[in-house]
Participant: 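This is the structure I have questions about; it appears just below.
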2 protein chains.
Amino acid sequence: MRPTKALERVVPIGTLAERTGVKVETIRYYEQVGLLPEPERSEGNQRRYGRAHVERLAFIKHARDLGFAVESIRTLLRLSDTPGMPCDEAHAIAAGHLGEVRDKIARLRSLEAELARIATVCSGGVAARDCAVIEALADHSHCEHHDH
Amino acid sequence: MRPTKALERVVPIGTLAERTGVKVETIRYYEQVGLLPEPERSEGNQRRYGRAHVERLAFIKHARDLGFAVESIRTLLRLSDTPGMPCDEAHAIAAGHLGEVRDKIARLRSLEAELARIATVCSGGVAARDCAVIEALADHSHCEHHDH
DNA sequence: CTTGAAGCTATAGTGGCTATAGGTTGTAGG
DNA sequence: CCTACAACCTATAGCCACTATAGCTTCAAG
């Protein structure tokens, strides 16, 4: 009796995808852009992954889930691969990304307020000429930079 | 004495760009995807815009600033062009977009919390093997779906 | 040995621009 | 009138991080 799938140490790409929650196509993409090293191949040229690949792909997925760019992940992986290096760069990447996320939140919140205001005034049912949504977009009173 | 630039009624693309805050290339792109109608041309084949174009482009810019997708803007413009139509669709687009923005904010906030936690634990200066950032990414304890 | 799922490569498409190359036109100064 | 140069033109490729498609080959169960 062969080992069950869940315990196998050398797995094809579909199993790697299942285990990590990363799609097959995305795994091949990560290989293509050099995030994930090229694995061994079967006699029939199919990819065969080991434990190290699972670990590395999980790392990548965590980082992507946290919104890190692929380029940042490349750097983070390099740091992770050389445990003796100082981690200042990792901290800078994380702090920088946190800043970006906070900026994005701030921008979205002001968008949210504006959209909520607009969508509340018009609940549909009226003619487009009297619609607050259309009016808000056509209106120039919010233009800060230009006097058209 | 010719009218000053600011008062001219028929303007080239650069002036339209200045007046609306939309880049020249982006204006041409909007024309290409059918948001902005093709303008008249000068004898030398250069675009000449009138007041209607300024209005329409301003509408587009407001909508993009609010984060509406180009496809949504296409619909909103169509509604705006036919003022007698009921505006339910416009309301649906705005409400839908508001929902998306709120979802995005929610997701970013949980990201922010996680990143802040990670970035606070490690302020740099230690070896990568002890870095909270690297560790958090390599760590499997947050994996919900898989037992790798 | 057959069948069907899973794998393979290469290529194009997504959204919303932005950039580049290589040419033409408009216009102000001399 | 001529020259210089900014502004304009088209067509095409690139950006990010995938996702989808077409047309194959391989693997594994029955």
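Both backbone and side-chain heavy atoms feed into the values below; hydrogens, waters and symmetry mates do not.
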Participant: More 5' along DNA chain C: B:R64 or B:G44, using each one's nearest nucleotide?
Facilitator: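 Closer to the 5' end of DNA chain C: B:R64.
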
Participant: Find the distance A:E71:CD to D:dC15:P and express it as a whole number of Å.
Facilitator: 11 Å

Participant: Return whichever of A:Q46 or B:E43 has its heavy-atom-nearest nucleotide of DNA chain C closer to the 5' end.
Facilitator: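 Nearest-nucleotide comparison on DNA chain C picks A:Q46.
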
Participant: Is there a chain of hydrophobic side chains (I, L, V, M, F, W, Y, each step under 4.5 Å between heavy atoms) that links B:V33 to B:F68?
Facilitator: yes

Participant: What's the OH-C1' distance between B:Y49 and D:dA7, to the nearest Å?
Facilitator: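 The answer, rounded to whole Å, is 13 Å.
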
Participant: In this structure, how many angstroms lie between the C1' atom of C:dG15 and the CZ atom of B:R74, rounded?
Facilitator: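 After rounding, the reported distance stands at 12 Å.
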
Participant: Output the rounded distance in Å from OH (A:Y29) to C1' (C:dA10).
Facilitator: 16 Å

Participant: Take atom CZ of A:R74 as the centre, draw a 6.0 Å sphere, and report whether it contains more than 12 heavy atoms from other residues, nucleotides or ligands.
Facilitator: yes

Participant: Rounded to the nearest Å, what distance is computed from the CD atom of residue A:E40 to the C1' atom of nucleotide C:dG7?
Facilitator: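 After rounding, the reported distance stands at 17 Å.
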
Participant: Is A:R47 near enough to C:dT9 that one of its side-chain N or O atoms lies under 4.0 angstrom from OP1 or OP2?
Facilitator: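 Yes, because at least one side-chain N or O of A:R47 sits under 4.0 Å from OP1 or OP2 of C:dT9.
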
Participant: Whole Å only: how far is the CZ atom of B:R48 from the C1' atom of C:dT27?
Facilitator: 11 Å

Participant: Looking only at heavy atoms, what is the nearest atom pair of B:C87 and A:C122, with distance?
Facilitator: SG-SG, 3.3 Å

Participant: Using the side chain to side chain donor-acceptor pair (under 3.5 Å) rule, pick out the option among B:E31, B:E40, B:H53 that qualifies with B:R47.
Facilitator: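 Single side chain to side chain donor-acceptor pair (under 3.5 Å) partner of B:R47 among B:E31, B:E40, B:H53: B:E31.
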
Participant: Between B:R41 and D:dT10, is there a side-chain N or O to OP1/OP2 distance below 4.0 Å?
Facilitator: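 Indeed, a polar side-chain atom of B:R41 lies that close.
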
Participant: Just the rounded figure in Å: distance from C1' of D:dC9 to CD of B:Q32.
Facilitator: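 In whole Å, D:dC9 C1' lies 13 Å from B:Q32 CD.
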
Participant: Okay, side chain of A:H97, backbone of A:S72: is any donor-acceptor separation there less than 3.5 Å?
Facilitator: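 Side chain of A:H97 to backbone of A:S72, a donor-acceptor pair under 3.5 Å: no, none is there.
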
Participant: By nearest nucleotide on DNA chain D, pick out whichever of B:R28 and A:A69 is the more 5' one.
Facilitator: B:R28

Participant: Reckon A:F68 touches a base, only the sugar-phosphate, or nothing at all at heavy-atom distances under 4.0 Å?
Facilitator: nothing

Participant: Rounded to whole Å, please give me the gap between CD1 in A:I13 and C1' in C:dA5.
Facilitator: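 So the two atoms are 15 Å apart, to the nearest Å.
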
Participant: Can you work out whether A:S42 or A:Y30 has the more 5'-proximal nearest nucleotide on DNA chain D?
Facilitator: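 Looking at DNA chain D, the more 5' nearest nucleotide goes with A:Y30.
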
